[in-house]
Amino acid sequence: MKTGAQILLDCLRREGVDTVFGYPGARSLLVHDALMDDPDILHILVRHEQAAAHAADGYARTTGKVGVCLTTSGPGATNLVTGIATAYMDSIPMVALTCQVTTPTIGIDAFQEADMTGITRPITKHNYLVTDVKDLARIIREAFLIARTRRPGPVLVDLPSDVLGCRIKPNIPETVSRRGYREQTVVNQKQLKKAADIINRAQKPVIYAGGGIVLSEGAAELRALAEKGQIPVTHTLMAVGVMEPASPLSIGMLGMYGTWHANKAVHECDCLVAIGARFDDRVTGRVDGFARNAHIIHIDVDPASIRKVVNVELPIVGDAREAMALLVDLLEPRDRSGWLEQIREWERAFPLPRPEREHLVPHEIMEAIKSAGGPDPIVASDVGLSQMWTANYLPFSGPRRYITSGGLGTMGYALPAAMGAAIGNPGQTVFAVTGDGAFQMNIQELATCSYYDIPVKTVVMNNGKLGMVRQFQAVFMKKRYASTDLGKHVDFCTVARGFGVEAIRVTRKEELQEALNRAVAIQGPVVIDVEIDPDCYCFPMVPPGRKSVEAIFSPEEWEG
Ligand SMILES: Cc1ncc(C[n+]2csc(CCOP(=O)(O)OP(=O)(O)O)c2C)c(N)n1
């Protein structure tokens, strides 16, 4: 006979879970107690439940496994909401375990009761309230199956404390399936053949590569496809690293803060092959101006994302990797050097800006991180200018190396996500790149890093401002900087040391490289607080509501 809590851990072990990011309370006592003696599952006690979700997310993004977080009921559970929504928007496999008040007291406003299945219905792929311990093992197995298959996403399981305390003879099902839920899709060969015909006929095709390629482990197939057809590839924020950045076929990121030449190529192409991407409004700009002359092919595992934003000509529902592997055989080799040269010409005309200033500027910081980080560091970036600078200026030669909150744009993501990444990838160098605003949203996690000696190197791009919002004010609000000044620079070094984390402050260019090298050489966590020019922004930028070729390169260019 075993308790529900013990059965839960048996199920987690069965799914190969080695780490749970969590925070306890009265309702989770039994699970935390069982975890204390568990030889296989490490429980990381975060300092705020939001960080548990982001850490599970960072673990999942960098390992490809399902991330797991665990909280008590009520406020512990509701604190997960932003982290779950972050994972949902970016299709990240996660199982969120929230403990609940006892089944007889559900619905009477019991102490620390919150209706978690109700609250998270719109931000989970699926969710469950377990009302009978006999269902527990099956539900946990289903939760993992649903989280990691098809279009992945977070699944929440709400666990009343009496269910966790109930004793039964455990019976973990060998296999699980859900009626109406097919784990796999079968790619339609006829549609693929049509796609190949369109691509083979195209003079100026472009591949628009999205996060689905990362999730399906399809980077090699993408590279083969691009190579065979000599097709340039632009990627989304979610797909950083899917192409080798030095490849002549890689044309950088598209969208609001993408490269001018990638946006221009999409604007001028005669065939756009969207793979594992969802035509996010930050990518398309004004939809009626997006790829206006192109035959659009859309390959995606989720039929609901097809024709949601853009009326594509040829939809193909299926796993991105599988579809690309089949498509590559149908493509005819082509010489498209004229088209590729045209895109390079656009790049030479409007390269990513690399300004020279007295103060430290972003691309210099990215170059220094690259030089200190070795061949393949993992970088979790926050949300703000630091995010776009990292995506544009730091080269990543593989997927699952650059992680960020793309769809929801959650400030405070970087440090906890980097923690999860570091735990999932022992021995790897892991950076969190953050702004001074976003850092303060989960800064308490320095305590977690210090306690467990998680060696995250946090680079704070400290401009004393909420830079990305300030950029909007500089461009669109006539430089009225409402509520974006964070005041006198916070001394993050003192704060970090208070948490028991080593810290280095950088104010001058000459100090930067040496500081980063030293941070990487230190065994444990380090904060590198880098003072940067507050008037440094991220350009080119496509103004909201404009076509993606209407990017501006400075605030002065805007006359709207
Ligand atoms: C939780 C949350 N609140 C508000 C925002 C809106 N927002 C987007 S970027 C940004 C500024 C970020 O400032 P900072 O972290 O200092 O980075 P910087 O842009 O200066 O690099 C804000 C407030 C958000 N994305 N997330």
Side-chain angles (χ1 to χ4, degrees), residues 2-15 17 19-38 41-57 66-85 87 94-121 123-124 126-144 147 154-168 170 172:
K2 285 192 172 181
T3 63
Q6 288 165 331
I7 295 168
L8 171 66
L9 296 199
D10 287 348
C11 292
L12 296 185
R13 239 177 276 115
R14 175 86 173 60
E15 300 296 335
V17 173
T19 311
V20 170
F21 301 91
Y23 204 93
R27 297 292 162 195
S28 76
L29 279 177
L30 287 176
V31 186
H32 276 98
D33 186 72
L35 272 170
M36 194 172 170
D37 302 323
D38 196 296
I41 304 176
L42 171 69
H43 178 264
I44 298 286
L45 175 67
V46 294
R47 299 306 192 255
H48 185 301
E49 290 88 350
Q50 183 187 349
H54 290 327
D57 167 313
V66 180
V68 182
C69 52
L70 164 70
T71 70
T72 189
S73 68
T78 56
N79 270 350
L80 285 182
V81 166
T82 301
I84 294 173
M94 177 192 288
V95 170
L97 304 166
T98 52
C99 299
Q100 182 55 283
V101 300
T102 58
T103 41
T105 56
I106 288 175
I108 63 155
D109 294 338
F111 178 64
Q112 294 195 325
E113 179 186 0
D115 171 11
M116 287 315 293
T117 46
I119 288 170
T120 62
R121 186 149 299 135
I123 55 162
T124 47
H126 196 55
N127 66 20
Y128 296 88
L129 170 64
V130 185
T131 53
D132 187 332
V133 70
K134 290 205 261 339
D135 299 329
L136 178 61
R138 172 186 55 79
I139 287 177
I140 297 296
R141 295 226 61 201
E142 280 182 20
F144 277 84
V155 177
L156 180 133
V157 185
D158 206 22
L159 301 155
S161 55
D162 55 327
V163 170
L164 291 168
C166 242
R167 278 178 186 278
I168 55 161
I172 302 178

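Any value given below was found using the heavy atoms of this structure, including those in side chains, with hydrogens, waters and symmetry copies removed. Throughout, numbering of the chain's residues begins at 1 and tracks the sequence.
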For the residue pair [X] and [Y], establish whether any side-chain heavy-atom pair is separated by less than 4.5 Å.
X	Y	value
Met116	Thr78	yes
Leu136	Leu159	yes
Phe111	Val101	no
Arg14	Ile140	no
Val20	Val31	no
Tyr128	Glu142	yes
Asp158	Ser73	no
Leu80	Thr98	yes

Measure the [atom1]-[atom2] distance between [X] and [Y] for me, rounded to the nearest 0.5 Å.
X	Y	atom1	atom2	answer
Phe21	Leu42	CZ	CG	7.5 Å
Tyr23	Cys69	OH	SG	15.0 Å
Glu15	Leu12	CD	CG	8.0 Å
Gln100	Leu164	CD	CG	10.5 Å
Asp10	Ile172	CG	CD1	5.0 Å
Leu8	Leu35	CG	CG	8.0 Å

I need the single residue from Thr102, Thr105, Thr103 that forms a side-chain hydrogen bond (donor to acceptor under 3.5 Å, both in side chains) with Asp162. Which is it?
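With Asp162 as partner, side-chain hydrogen bond (donor to acceptor under 3.5 Å, both in side chains) holds for just one option, Thr103.
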Arg27 versus Ser161, side-chain donor and acceptor atoms under 3.5 Å
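Side chains of Ser161 and Arg27: pair found under 3.5 Å.
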Smallest separation among heavy atoms of [X] and [Y], with atom names:
X	Y	value
Glu49	Thr71	CG-CG2, 3.5 Å
Ala114	Gly74	CB-CA, 3.9 Å
Thr117	Leu129	CG2-N, 3.8 Å
Val95	Ala147	CG2-CB, 4.2 Å
His54	Gln50	NE2-NE2, 2.9 Å

Just to verify, which of Asp57, Ile123, Asn127 counts as forming a side chain to side chain contact (heavy atoms under 4.5 Å, CB included) with Ile84?
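Testing Ile84 for a side chain to side chain contact (heavy atoms under 4.5 Å, CB included) against Asp57, Ile123, Asn127 leaves exactly one candidate, Ile123.
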Apply side-chain contact (heavy atoms from CB on, under 4.5 Å) to the pair Leu30 and Thr3, showing each step before the final yes or no.
CA-CA 9 Å; Leu30 287 176; Thr3 63; 5.7 Å; no
Using modelled atom types only, decide if a donor and an acceptor are shared between the side chain of Glu113 and the backbone of Ile106 within a distance under 3.5 Å.
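No, the answer is negative, given that no donor and acceptor are paired below the 3.5 Å cut-off.
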Give the C-alpha distance, both sets of side-chain angles, the deciding distance and a yes or no for side-chain contact (heavy atoms from CB on, under 4.5 Å) between Leu70 and His32.
CA-CA 9 Å; Leu70 164 70; His32 276 98; 3.6 Å; yes
With side-chain contact (heavy atoms from CB on, under 4.5 Å) as the test, would you mind laying out the steps for Thr124 and Val155 before giving the verdict?
CA-CA 6 Å; Thr124 47; Val155 177; 6.0 Å; no
